[in-house]
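Read the structure below first, then the notes.
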Amino acid sequence: MLGVKKLLSAEEVASLTGLSEETLAQWRSQRRGIPYLKIGRAVRYDPTDVQAYLEGCRVSVSAPPERRQK
């Protein structure tokens with residue numbers, strides 16, 4: 001049997017990412033953004049793909065330099 005994961009709805013992905021459902025719909029029509037599955041009329045997202053998208057948004061910052069005392 002396949003290892004079936006819970007797939008996420010567009011509403012759930014919007015909540016997790018802070019993106020609007022409208023943005024997700026536009027991205028789907030433009031074939032960009034987060035990969036999705038089309039099952040009949042239902043649109044679902046694999047949580048692994050959503051996590052990968054979020055990791056791609058990560059901005060690395062360096063530790064602040066120590067302040068010099070005058």
Side-chain angles (χ1 to χ4, degrees):
M1 181 170 169
L2 294 172
V4 179
K5 302 181 206 181
K6 179 189 182 308
L7 298 175
L8 304 172
S9 68
E11 182 179 2
E12 291 170 310
V13 172
S15 177
L16 288 169
T17 62
L19 298 167
S20 70
E21 289 184 62
E22 292 78 20
T23 296
L24 293 170
Q26 286 177 0
W27 284 0
R28 288 192 304 270
S29 72
Q30 297 166 0
R31 297 199 175 271
R32 58 178 263 198
I34 305 169
Y36 63 95
L37 296 117
K38 187 84 163 141
I39 305 166
R41 290 184 175 180
V43 173
R44 295 292 182 261
Y45 293 84
D46 186 322
T48 306
D49 292 331
V50 176
Q51 185 63 39
Y53 168 79
L54 291 172
E55 287 296 323
C57 294
R58 181 183 302 270
V59 176
S60 296
V61 295
S62 58
E66 291 184 28
R67 295 184 116 181
R68 290 187 187 175
Q69 297 206 359
K70 294 183 178 182

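Throughout, residue positions are numbered sequentially from 1 according to the sequence presented. Atoms considered below: every heavy atom in the structure, side chains included; atoms not considered: hydrogens, waters and symmetry mates.
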Report summary line: Tightest non-hydrogen contact, residues Ser20 and Ala14, listed as C-CB, 4.2 Å

Report task. Output all residues satisfying side-chain hydrogen bond (donor to acceptor under 3.5 Å, both in side chains) with Arg44, sequence neighbours left out; order by chain, then residue number. Result ->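 If we apply the side-chain hydrogen bond (donor to acceptor under 3.5 Å, both in side chains) test to Arg44, skipping adjacent residues, there are no hits.
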
Query raised in the report: Are Glu55 and Gln51 linked by a side-chain donor-acceptor pair shorter than 3.5 Å?
Result: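 Looking only at side-chain atoms, Gln51 and Glu55 do form a donor-acceptor pair, the distance falling under 3.5 Å.
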
Query - Cluster companions of Leu54 among Ile, Leu, Val, Met, Phe, Trp, Tyr (side-chain spacing under 4.5 Å) - result: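 Besides Leu54, the hydrophobic cluster comprises Leu8, Val13, Leu16, Leu19, Leu24, Trp27, Ile34, Tyr36, Val43, Tyr45, Val50, Tyr53, listed by chain and residue number.
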
Query raised in the report: Is there any side chain to side chain donor-acceptor pair (under 3.5 Å) pair reaching into residues 7-17, and which pairs are they, with sequence neighbours excluded?
Result: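 Found Lys6-Glu12, Ser9-Glu12.
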
